[in-house]
Each structure stands twice: as C-alpha cells, then as structure tokens.
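In what follows, a single structure is set out as structure tokens and then discussed.
Reckoned from all heavy atoms, side chains included, excluding hydrogens, waters and symmetry mates.
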Amino acid sequence: MDSLATVSVQNSADVLTVDFSPDGQVLTAGTSDCTILQLLVDRLFKVSSVVLNSSMTSGEDLRSPPVCVRFAPEAQSMQRRGDTSAAGRNLMLVACADGGVSQWHLGSARRLQSARFENNPIYALDFAPDGGDFVAAGGHDGLVRILDARHIETVV
C-alpha cells in the first residue's frame with residue numbers, strides 16, 4: 001500500500017498506537033519510548049512544515065509505553081445532554097503496558113486523572129460513542145471493564 005504521507009517520530013521509536021481527533025485536525029501517536037505526540041493533520045502533506053507538538057507528558061512522565069490512545073467523541077454529543085461547557089472537549093484516554101489508564105486534556109497537555117490495574121496490562125479502550133460517561137477497557141486478564149469516564153473507576 002502506498003503512503004500519502006510519512007512522518008518520522010523522535011528517537012526512531014516504534015509507533016504502538018494512533019488515533020485521529022473527532023474533527024480530523026489532530027493525529028496522536030503513542031510510541032515505545034513512553035511518549036505521546038500530537039501531529040497537526042493539515043501540515044502532514046507539507047513535509048517541510050510538519051509540526052510535532054510537545055509530548056503530552058509535560059513533566060508528568062508516562063512510566064510505560066502507551067499501547068492505546070482514544071479521543072473523546074465529538075462535543076456535540078455533550079451538547080445534546082445539555083453540557084455546553086468547553087470542559088468536556090479535547091479529552092483523550094491513554095492505556096499503558098503497565099496497566100495504567102489516564103485521561104488527558106489536549107489543549108493543556110495535562111493528565112486529568114489516572115488509575116492503575118496492577119499486573120494487568122490494558123491493551124484496548126474506547127469512549128462510549130454517544131459521548132456518555134462510560135469507557136470500555138480490556139486487558140491481559142481477559143476481562144472487559146466498564147469505567148466511569150469522570151472518575152476512571154470500575155462501574156461494572
């Protein structure tokens with residue numbers, strides 16, 4: 001398959017996970033050197049001006065490589081529920097190989113909350129498609145967990 005564009009990541013690290021933002025403006029990549037990068041999509045096709053934003057960690061280092069990143073659904077679903085604040089926008093979930101799950105705010109590059117499932121790497125996670133308050137996470141132990149997106153704690 002031919003590539004439309006390619007971007008080299010820092011330190012030639014392996015890219016373990018990628019996800020587009022709901023508006024298609026940002027592509028996020030998680031790499032084996034415990035970094036999460038934001039790539040501005042409108043610049044991907046102008047190789048000389050590709051911008052790699054600063055890593056999401058901003059002083060809050062990930063302890064293990066991110067194996068799954070997921071953006072929150074489009075903010076319009078929150079508006080349907082009557083939430084018109086900008087607080088729910090630009091959120092991303094990150095699952096790490098050490099069982100860590102965290103929620104990040106993209107605009108500020110800050111970790112909002114996190115939890116750790118000891119001895120259970122989390123390999124997959126996603127927000128509910130309706131922009132609801134739930135997150136599904138699956139890991140090494142063969143369980144799918146439903147988490148409260150507002151508090152990243154197990155609900156079911």
To check you understand the geometry: which heavy-atom pair defines the closest contact between [X] and [Y], and what is its length?
X: S64; Y: C96; result: O-SG, 3.5 Å
X: P66; Y: G30; result: CG-CA, 3.6 Å
X: P22; Y: P73; result: CG-C, 3.9 Å
X: D23; Y: Q25; result: OD1-N, 2.9 Å

Inset, instruction - Test side chain to side chain contact (heavy atoms under 4.5 Å, CB included) on F71 and L91 and set out the steps. - result: CA-CA 6 Å; F71 282 92; L91 297 179; over 6 Å; no
Side-chain contact test, heavy atoms from C-beta onward, threshold under 4.5 Å: evaluate it for [X] versus [Y] and give yes or no.
X: L16; Y: T31; result: no
X: L93; Y: V135; result: yes
X: R111; Y: V94; result: no

Under a 4.5 Å side-chain heavy-atom rule over Ile, Leu, Val, Met, Phe, Trp and Tyr, are [X] and [Y] clustered together?
X: L37; Y: V67; answer: no
X: F20; Y: V15; answer: yes
X: L125; Y: Y123; answer: no

Legend entry - Sequence-distant partners of S102, side-chain hydrogen bond (donor to acceptor under 3.5 Å, both in side chains), two or more places apart: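 Expected list: W104.
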Reported [atom1]-to-[atom2] distance for the pair [X] and [Y], which is rounded to 0.5 angstrom:
X: S21; Y: L27; atom1: OG; atom2: CG; answer: 8.5 Å
X: H151; Y: Q103; atom1: NE2; atom2: CD; answer: 10.5 Å
X: L147; Y: F127; atom1: CG; atom2: CZ; answer: 10.5 Å

Inset, instruction - For side chain to side chain contact (heavy atoms under 4.5 Å, CB included), just list the numbers for I122 and H140, CA-CA rounded to whole Å, side-chain angles, deciding distance to a tenth of an Å, and then say yes or no. - result: CA-CA 6 Å; I122 300 296; H140 180 72; over 6 Å; no
Legend entry - salt bridge (charged side-chain N to carboxylate O under 4.0 Å, His left out) partners of residues 114-124, not counting sequence neighbours, each pair once: D98-R116
Legend entry - D141: partners by salt bridge (charged side-chain N to carboxylate O under 4.0 Å, His left out), with sequence neighbours left out: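 Result, salt bridge (charged side-chain N to carboxylate O under 4.0 Å, His left out) vs D141: R145.
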